[in-house]
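Residue numbers begin at 1 in each chain, while the letters A, B, ... track the order of the sequences.
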Amino acid sequence: MDDRGSTLGPDPDLQAEGMQLGADPEMLELRAEAATGPAGQETQANAAALLEQRRQRRYLVRALLRSPTFMTGLIVVLFWVFMALFSQFVTQSPTAVDAMHTLAPPSAAHWFGTDDLGRDVLARTMAGARSVLVIAPLATLLALLWGGIIGLVAGFYRGITDEIIMRLIDVLLALPIIITSILILSLLGKGTAIIIIAIGALFTPVVSRTIRSAVIGEREREYVMAARLRGERSAFVMAREILPNITQPIIVEGTIRLGYAVFTAATLSFLGFGLAPPSPDWGLTIATERIFLQIAPWTVLFPAAALASLVVGVNLITDGLGRVFSK
Amino acid sequence: MSAVEQPVHTPDAAPAALDVRDLEVTFHRRGRDLPVLKGVTLRIERGEAYGLVGESGCGKTTLAMAALRYLAANGTVDAGRVLVDGQDVSTLSEEAVRKWRGEQIAMVYQDPATALSPAMRIGDQVAEVFRYHEGLGKAEALEKARESLRRVALPDPDATLRRYPFELSGGQQQRVVIAMALAVNPHLLVLDEPTTGLDATVEAEILDLIEELRGRINAAILLITHNLGLVRRLCERVGVLYAGRLVEEGPARDIFTDPRHPYTMGLLRCVPSFGMNKTDAALQTIPGTLPALGEPLEGCVYSARCPMAKPVCSRREPDLYAWPGDAGTRGEAEAEAMPADPAAYSPHHANPVGEGARHARCYFAAQVAEMPTTTPVLAASLEARGATEGAVLEIGDVSRAFKDGRKRLTAVHHVSLDLKRGETFGLVGESGSGKTTLAKCVTGLIAADSGSVTFEGKLLRATAGRRSQAALRAIQMVFQNPDSTLNPAWSTRAILTRSVRKLAGARSGSVRAKVDELSANVRVEPRFLLQKPGDLSGGQKQRIAIARAFAGDPTLVVCDEPASALDVSVQASILNLLVELQTNEQVSYIFISHDLAVVRYISDRIGVMYLAELIEVGSAEEVFNPPHHPYTEALLSSIPTLDFDDPHERVALRGSMPSLSDPPTGCRFHTRCHRVLGDICVNEVPPFQEAVAGHTYMCHIPPDELLAMQSAAEPAAPIEK
Amino acid sequence: MSDDQYRRDYAQHLIEQVNKGQMTRRQLLVRASVFGFSATAAGSLLAACGGSSSGGSSASPAPSGSSMPAPVMGGTIKMIGPAPITEPDPVTIYDQGGIVLVYQFLEYLIDLDDKNGLKPKLAESWTANDKIDVWTFKLRSGVTFNDGSPFGAEDVVTSFERILNPKSGSGALSQLGGVLSPGGTKKVDDLTVEFHLDKPFADFPYMVSGGNYNTAILPRNYNGNNTKNPVGTGPFMMKNYVAKQSASFVKNPTYWGKDAAGNQLPYVDGLEYTMVEDNSAQNLQLQSGAVDVQPQTVFQGAQALFADPNLRVDIYPGTGIREVAFNVTKTPWQDKNLRQAVAYCLDRPAINKALYDGRSNLGYDTFWEPSVFAGSPPSTPRAQDYTKAKQLLSDGGKSAGLDVTLTVAKYLENPQLAQLIQAQCKPAGINVTINQLSYTAYYAGSSSDYYGTTPWINAAWDITEWGSRPAPGIYAAAMLLPKAVWSSSHWNNPDFVTAFNQYESTVDEATRTQLATKLSQIQQDDTPIMVPFYITQLRTQKKNVYGIQGPGSFYCDMSQAFMAA
Amino acid sequence: MLRLIGRRLLLMVPTLILASILIFALAEVLPGDVGRSILGPYATQEQVALLNHKLGADKPLYQRYAVWAGNFVTGDWGESPVLKVPVRPTVMKALGNSMVLAGFALLLIVPISIVLGVFSGLRRDSALDRAITVSTLSMTVIPEFVSGVVLLYIFAVWLKWLPVTAMPPQGSNFFDRFYYLILPAIPLMFLELGYIARMARVGTVQVLAMPYIRTAVLKGLPRRRVIFGHVLRNAMVPTVTVIGSQVGWLIGGLVVIETLFVYPGIGKLMVDAAQTHDVPMLEAAVLVVAVIYMVANLIADIIVALLNPRIRMGG
């Protein structure tokens, strides 16, 4: 007689989570009220609690392993990580030019064909994972770092500090992203490190907004007040009290940004601001080989498919994690 | 657990409004099956009001949701049946369920603010019911909605129809929810904590309304609450739920006056009876906590916490015996005859055994009245403590306003008071009256706009950030919400260690010892120090929070509703702890609560706030006895008590609280006062009148006149239970 | 010496050259055109040579002449190409988009034909004095600007004085600098103009041709507002110009030009030019049939166009190059050995194959494209020879290997060329790092000292693209002479300078050819620049479009273009 | 409400001033200068210096800014020194074109992503939900130049179903214009689909968890009524906000799409202006885009306020 399958059944998370936090939780408190209970019972309860923790952890791992979404994503991403690390042992050199065999269609010698300089597309596609897997995560981390600091400061101090920071962020967000990237890259120059910094900088305003709102939600919580009543310095409160409690939104924002970082790195390459040849970077390859799409589609479609698969893989992992944790 | 199908009532009897039989509900979470309801059987006759009580997490709401066929996707009914009006709800088609909900069964929810669709006008929300259940057109449905609102005594129903939920006060919102629930005359009305979160005065209003409506509607009521007072006022019969088990059931009066299950007894004893003071006795508590969901339980579900438990209790679960029949005789006999070898037990049946009005799931129901008390012995005599002379804290003419858009809300308006060492000053008033703001001005979490806070003769800086470490150490705070008071990312030990370092200035060698001492003082076992707050119960969290406040041997601790989010038994133990610490440490408290019984219990002096003003100050006893401010009078009268013989008339307050941005002229209370004199109240700010030395109130009515009025109207608030 | 005498002598000289085998028949035609012979006259010269053709073009000449159907009047031809970077002011334009537009409504004294020869346009004939430092141009009579004002010597004088004035900002100043100074252009009569040069200059007619695109003849009262009030003598009039989007032209009803049959030119009623930066997008438009003509087709991605049955890609011999310049003032390129070492690493046929599908001509590390410019190549193109390269490296003290950076703009096939160089250098132990800049960044420089800061002049080693230059002297003056402002190599070879000055001041084709050979050899040996190939020019049009004149690239004369039914 | 709008409009002023200053500074750090842009790499240093002097480009930054800003606020947006065309009509025309394209794309994006998002939110955890979530998100992070080229190749070159450009020939009627916009709009749609659909899904899931939905269901309302009357309206709040803020991304995506589909829009204009140091053009283009961005956000907030009476009345 349950309403399972109905679109309008109550939300399991609501009942599961809300019950723990709500004024009348249905989920039972897991721990004993220690003050006056018989000792034996407490030990038992404690053991049960530890057991429960371990069970939960084991369950999560098992559930993740059983989740097709998560596993597919994991396999795809691990595949690319593996390729990034070991592609040079698996395939030919991604930069070996063979000017006499350019734009050759897929064959036994070149499974994915060759590109406009006669390089093996398979080798380049495999090796192309490297730059993305370096740039995107690092850029995301950087954006989280900067955005985190700005968001923490703005959200924690509020008032005039917040007002000024948010106005500046408004300005940056109002500027077309293309202009911002031209600005940043003109200022900084080029190279992998610069691209990481540039993408990190591009994402900083958005990230800092997200983190700011998370901080605002957190700073009025009572443990923050308790810290202030202890005479803690602001930096301590931000870094040690608030920060550990906004990891959830930070992780969510991070996974979203990760996908966009892949995207942005490719777009920067497309616009001529990204990596320099002969890097087998996917974005760069797509941008430069794009003109051969009609006559030699393999030069573009394989790296495009690789890019798409990595992105889908990341999204599958995010999705799978979210679903398993929310159960 | 096999449920033996057995008719509780003869088939020819009219079908019950709700007939739950051997209901078992299990939740599935992270790969585990967690039984929430274990073979619950209960029956509510037509027109009957049935109260289901128990601590948080007993399974009360799950029962209600199962009755409405609205379990979460991860919850399943494993066994048993739910019949509403004789109809098995599991057999209904989707469309039938839809019609059945609203027409035959309806619900009123815990938090009216979130139970109403925020973006839809009240009129549309109420009219919806008529449109979809009676097929009325828009205009007709709206007309009927107006009628419904009138029925729940909403002022100006026409205007209310056009309003949005957020424009209504909590009480008005709940009236709307009730109007919606009663729109199509359901046969069963489920009230799920209908007054939790509402102020006492509003709660009283809602109770009055429900009581009044009961006379006019034909619906049976299932009231789910942890508030025993509510049950006493509304219900004929009561069921007590513990860990998914119905442990006792019977007529309300009998249950409250003569409980026959140790758990029921424990619950009743936890509630501080009104008028009781900390100098009288420590509060009763129930040891231990509810078993965790899914925790394997042998024997009686309550045996682990039961002060009467005998070995037999944890071996086999007792049946729900009829009282005074089987429970007194057969139960004990069965317990006596219990073989020592568990393997020899016959599969027991957990259903009510024998006919009767009362049942208790205890072998030793007959002995419950003599259940030993578990009152902790107070460490030192409270009488000996006594407040020393000389003010520790003086609040001089403090005001504080907030900006809300263009509006300026005055949260604290020219408040002055003082506090002696070792004294507890209770601060009461409805939500939004400025209690917490005042407390935060004292601790420096909020800077006062004007006025002074003097501590031990020295003027304190306005904000905590500018105060000396000594001043911070001396004034600490315990917060209301146990879930956010501790940093969830830190281990309990880390929290206490940090506080000891910062507040006691202790060096590393002594820190550990000090942390252990603190946790021992608040009765938290050392092993819990390894855990994070998320793994602790609400009570434990509050204990840690208290330990944190006491880390630097404070002089003053501001307690902002430290126990109001906790179950009664936990609340009692927290209050006991505070009293004990005060006795040992000679600390002063500012104790904020909207629960008058609690404030009365713990406070030496009490201040009553209304609309940002402190309108009455005096000793606890004096404030709660006439002559007192008419507002205090109203507050007191709104407390639901457990006393069935309490004849007191409730003083109804008119309207809802005016806006802080535009407070009434003259006496701020005049818009709602039942003793308003006339223009003087509207035009002139009343003076402070002195009832007796040290007891002043802000009113135009002189003490003797007021005393006369109030004595005539009602007897003094009950002191004796 | 009268004009006619001069011409007869020169004609005789040319015929001898051909007969001696020192000049190809094609080169004869080109040289003849420089000295103002009409096509008919040049044809009779060629006939006088007798013997078989020794024409040495490896790029097939444009097929537009062959199997051309009869012209069809009317219709509008839709063209596609990049937008002008700036306003298409003929005085200051420098980019393809601007040149293509200007070509439609303005004219030059001389036009380029599709073999890089010269043909009369606003000038009917021209002659030089003996010293070849004074050139006399007879102007076409009966020409009017499309605002009705007559064309005459005054317009020519003001046009040249304008671009020679530094305030005009014309890039032509860089080209004409040291050749023609302000005041050097003199009106003789209404239809005669004399150019008094600073020095003898045999290739001068090229400097006033369409090949020096800023020398378009503007009305004397030209006020700089070209896009708003376009006045010219050309076959079309610009009707509408929307910056960055499109330009449209209608035929100039009073145009002076007539075809051989005496029909009024142009044939078509108008032109529409759509501005699209992206080459792939241009190609897609061509393939979809949305446009008719792409004046300049870039090799990369053009394979699809070759394969398209509805399109015809014409290939013109070109002198465009990619100058891979070693900055000889910067480490390690002061050492000739190292420069040569790199040159021996290149596999030119492979590069040609990879970048141009083998359709360009192999380069000799000199701008002297042998099939276009007179002067035989010094030898065969350098073949890849790693032994030699390694030897040279060790001679240069870099036997352990060489680490160098190659700066390149993300433009055309330059990045690919850089990568090929990188890959081909590696086996010799030369590790090339590619520093790829955006086009803008590559050509950017500080406003206070542009030529001292811009990457394309100051990088140690870079690749710069050069469009077709009609005469070798133009290249040398701009690229390799010590005073050349665009000298990425900063090369200063006194032998080369001396030989070049001689070359420019002599009319004797035998001497010129010898000098040309010498100049090429000096260049090749010293290797200040590498020229791996000479790019042929592609122009793509629909199968039914005929009659476009000009040697490919952006020199695109549409006056005789038409769309067959 | 009106006050809210007024306040927000007022707040735009400092934002725009800051933005315009930033753009001026940007033009400074970009390599090259305006004189060089106009005259090209082949002009002499002296010529460039002369031209820069004539254009006033050699004056200090603040002076140039003051002059420009003074003219701009009086409505004189000046003339592009590079293209020699008046800035205002050029920018406005390009903006108009871009707005038509972006507007058309939004017309596709908004309903599709909302329907997909709400649908997967309602069918939470079903296979369909996963498919929708993963596929839309993946579309979002596939660069538009990839999807654009592939689509162009398939539909315009290969199948010849759709035109290869985004601009219809002159004299085409109103509906033709949209026929030409279908192909360019799709990559733009991809660009935004995932994010908006995700928000719609999250919004739906959150609203479904709200107690008032329980109220509505237990009132016995039909499912349709619950979804359309109670769920959607509230679920749209975060979605609308996101749509507003995504306008920025959309314009970012326009640059590539406009190049690819030969569309004379503001994105291309902006990038060209930045590269040629065409400061008046760049300033005007960026500022109108910023205004569009802010107005889009304002409109989103107004819609949110309309959806949420609390904000509407509190404002």
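- Comparing B:Ala464, B:Pro488, B:Ser569, B:Ala471 by how many heavy-atom pairs each has under 4.5 Å with chain A, the most go to B:Pro488.
- In plain terms, the two heavy atoms of B:Asn487 and A:Arg240 that are nearest each other are ND2-O, 3.8 Å.
- Among A:Ala63, A:Gly231, A:Ala227, the residue making the largest number of heavy-atom pairs under 4.5 Å with chain B is A:Gly231.
- Remark: A:Thr69 pairs with D:Arg130 by the side-chain hydrogen bond (donor to acceptor under 3.5 Å, both in side chains) rule, at least two apart or across chains.
- Put simply, of A:Arg230, A:Arg221, A:Glu218, the one with the most heavy-atom pairs under 4.5 Å next to chain B is A:Arg230.
- Between chain B and the options A:Asn245, A:Leu243, A:Thr247, heavy-atom pairs under 4.5 Å are most frequent for A:Asn245.
- Considering every non-hydrogen atom in both B:Phe479 and A:Leu229, the closest pair reads CZ-CD1, 4.2 Å.
- The shortest distance between side-chain heavy atoms of A:Glu232 and B:Arg498 falls below 4.5 Å.
- Between atom CE of residue A:Met225 and atom CD1 of residue B:Ile446 there is a gap of 7.5 Å, rounded to the nearest 0.5 Å.
- Proximity to chain A involves both the backbone and the side chain of B:Leu472, based on heavy atoms less than 4.5 angstrom apart.
- Put simply, CZ on B:Arg467 and CZ on A:Arg228 are 11.0 Å apart, with the number rounded to the nearest 0.5 Å.
- Within a 6.0 Å sphere centred on CZ of B:Arg466, other residues, nucleotides and ligands contribute 12 heavy atoms or fewer.
- Chosen from B:Ser484, B:Gly244, B:Ala551, B:Gly444, the residue pairing most often with chain A at heavy-atom distances under 4.5 Å is B:Ser484.
- Neither the backbone nor the side chain of A:Arg233 comes within less than 4.5 Å of any heavy atom in chain B.
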